[in-house]
Amino acid sequence: AIKSIFFYGISLNSTEQDEFWSYEFMQTIKEISGTEILILRATYEITENKSNPEVLKRLENKSNSQLRSVWRNNVSLQMNLGGGDSIVLKYEENLERLGLISPKHEDDRFSTEFTPTSKYRLTDMGYLFCKFITKYE
C-alpha cells in the first residue's frame, strides 16, 4: 500500500493534487494497520461493484442499508471472513477517526447507523485513499 501511494504521487501523469494526496496518505498510513487496509479495500471493492455473490445478494435488499452492523457483516463477507462483524468492529472507530469512513450517526437515537455516503460508507478522502492503494498492485 505504501509503495502504491508513493508511485501514484510521483508518476509522470500525476498532478500537484495527486502529489499533495500522496504526502497526506503517507502520513495517514502510519496510523493504519494491515487489517484496516483490507477493510478499506473490501469496502472499495463493494463500491466498485466487485462484490462477491453473497454480498451482492445482501446489497439487493436495501432495508437496513445504513446499519453499521450490516456494513461490518458485508465487509467481513467480502474479506472472506464469514460475515461476522467482530474483526471489522475492532477497527471501525480508528477508520472513522481518520476520516476514511463516515462516522456513526451523531443522533443517539440512530447510533446503530452510519452517516450515508455515495460510496458505501467511504468518505471522499477514503475513496481516494483506496484508489491510491490499489493503483499499483
Side-chain angles (χ1 to χ4, degrees):
I2 294 171
K3 184 172 75 171
S4 183
I5 290 169
F6 176 75
F7 284 130
Y8 198 112
I10 65 163
S11 71
L12 293 176
N13 299 330
S14 67
T15 64
E16 285 184 26
Q17 191 175 31
D18 293 336
E19 189 175 333
F20 166 81
W21 283 113
S22 180
Y23 288 123
E24 177 62 29
F25 294 150
M26 292 294 277
Q27 295 302 312
T28 301
I29 206 158
K30 293 177 185 178
E31 300 182 54
I32 295 179
S33 71
T35 303
E36 288 167 321
I37 289 172
L38 295 175
I39 290 167
L40 291 170
R41 183 182 179 139
T43 305
Y44 182 71
E45 289 170 350
I46 293 169
T47 300
E48 295 296 296
N49 296 317
K50 297 178 182 174
S51 303
N52 73 39
E54 181 61 29
V55 173
L56 281 173
K57 190 167 92 174
R58 288 178 175 209
L59 290 173
E60 288 173 0
N61 177 10
K62 298 285 185 189
S63 66
N64 301 325
S65 63
Q66 293 176 13
L67 287 178
R68 293 167 53 221
S69 61
V70 170
W71 172 79
R72 289 190 301 259
N73 286 324
N74 286 341
V75 169
S76 178
L77 266 177
Q78 183 67 24
M79 294 170 65
N80 294 315
L81 298 176
D85 73 349
S86 59
I87 192 73
V88 180
L89 174 64
K90 178 179 177 180
Y91 297 103
E92 181 179 20
E93 186 177 327
N94 191 47
L95 294 172
E96 288 177 357
R97 181 184 67 79
L98 292 171
L100 299 171
I101 62 172
S102 66
K104 67 180 179 180
H105 210 287
E106 291 182 20
D107 187 334
D108 285 340
R109 294 175 296 163
F110 302 104
S111 64
T112 60
E113 297 179 5
F114 59 86
T115 305
T117 70
S118 62
K119 297 170 182 73
Y120 198 56
R121 200 171 180 188
L122 289 173
T123 62
D124 290 338
M125 187 170 89
Y127 184 79
L128 189 57
F129 180 83
C130 290
K131 281 182 64 175
F132 272 64
I133 65 171
T134 58
K135 178 71 174 183
Y136 299 95
E137 295 185 17

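We number each residue from 1, following the sequence as shown. If you're wondering where the values come from, they're calculated on a predicted model, not measured in any experiment. Only this structure's heavy atoms are used, side chains among them; waters, hydrogens and symmetry mates stay out.
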How far apart are the closest heavy atoms of [X] and [Y], and which atoms are they?
X	Y	result
Met79	Ala42	CG-CB, 3.5 Å
Ile39	Val88	CD1-CA, 3.9 Å
Phe129	Ile5	CE1-CD1, 3.8 Å
Pro103	Arg121	C-NH2, 4.1 Å
Phe114	Ser102	CD1-OG, 3.5 Å
Thr47	Lys119	OG1-O, 3.1 Å

Checklist entry - Mind checking whether Tyr44 and Tyr127 have parallel, tilted or perpendicular rings, split at 30° and 60°? => result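 Tilted.
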Next on the checklist: Between Leu100 and Ile32, is the side chain to side chain contact (heavy atoms under 4.5 Å, CB included) condition met? List the steps.
Outcome noted: CA-CA 10 Å; Leu100 299 171; Ile32 295 179; 3.4 Å; yes
Next on the checklist: Would you say Met26 ends up clustered with Met125 if hydrophobic residues are merged whenever their side chains have heavy atoms under 4.5 Å apart, either directly or through other cluster members?
Outcome noted: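 Yes, because Met125 and Met26 connect within a single hydrophobic cluster, where side-chain heavy atoms sit under 4.5 Å apart.
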Item to check | Leu89 reachable from Leu98 in the ILVMFWY side-chain graph, under 4.5 Å edges | outcome: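 No; Leu89 is not reachable from Leu98 via cluster members.
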Mark yes when over 12 heavy atoms from residues, nucleotides or ligands other than [X] sit less than 6.0 Å from its [atom1]; otherwise mark no.
X	atom1	answer
Tyr23	OH	no
Ile2	CD1	no
Glu93	CD	no

Item to check | Presence of salt bridge, Glu45 and Arg41, under 4.0 angstrom | outcome: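 Yes, charged N to carboxylate O under 4.0 Å.
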Checklist entry - So, Glu48 and Lys131, do they make that salt bridge, N to O below 4.0 Å? => result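 Salt bridge: no.
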Checklist entry - Distance-only, no hydrogens or angles: does the Asn52 side chain make a donor-acceptor pair with backbone N or O of Leu77 under 3.5 Å? => result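 Yes; at least one donor-acceptor contact below 3.5 Å.
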Next on the checklist: Would the distance check show the side chain of Asp18 and the main-chain N or O of Thr15 forming a donor-acceptor pair, the cut-off being under 3.5 Å?
Outcome noted: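 Yes; judged by distance alone, with no hydrogens or angles, the pair exists.
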Item to check | Ile101/Leu122 under side chain to side chain contact (heavy atoms under 4.5 Å, CB included): CA gap, chis, key distance, verdict | outcome: CA-CA 4 Å; Ile101 62 172; Leu122 289 173; 4.2 Å; yes
Item to check | Stepwise side chain to side chain contact (heavy atoms under 4.5 Å, CB included) check, Gln17 with Trp21 | outcome: CA-CA 6 Å; Gln17 191 175 31; Trp21 283 113; 3.8 Å; yes
Checklist entry - Roughly how far apart are Thr35 OG1 and Tyr91 OH, rounded to 0.5 Å? => result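 Result: 4.0 Å between the selected atoms.
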Next on the checklist: To the closest 0.5 Å, what do you measure between CD (Glu24) and CG (Leu128)?
Outcome noted: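 The distance works out to 10.5 Å.
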Next on the checklist: For Ser51 and Leu56: C-alpha separation, side-chain torsions, deciding distance, then whether side chain to side chain contact (heavy atoms under 4.5 Å, CB included) applies.
Outcome noted: CA-CA 6 Å; Ser51 303; Leu56 281 173; 3.7 Å; yes
Checklist entry - Under a 4.5 Å cut-off applied to non-hydrogen side-chain atoms, are Asp85 and Ser76 in contact? => result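 Side chain of Asp85 against side chain of Ser76, heavy atoms only: no contact under 4.5 Å found.
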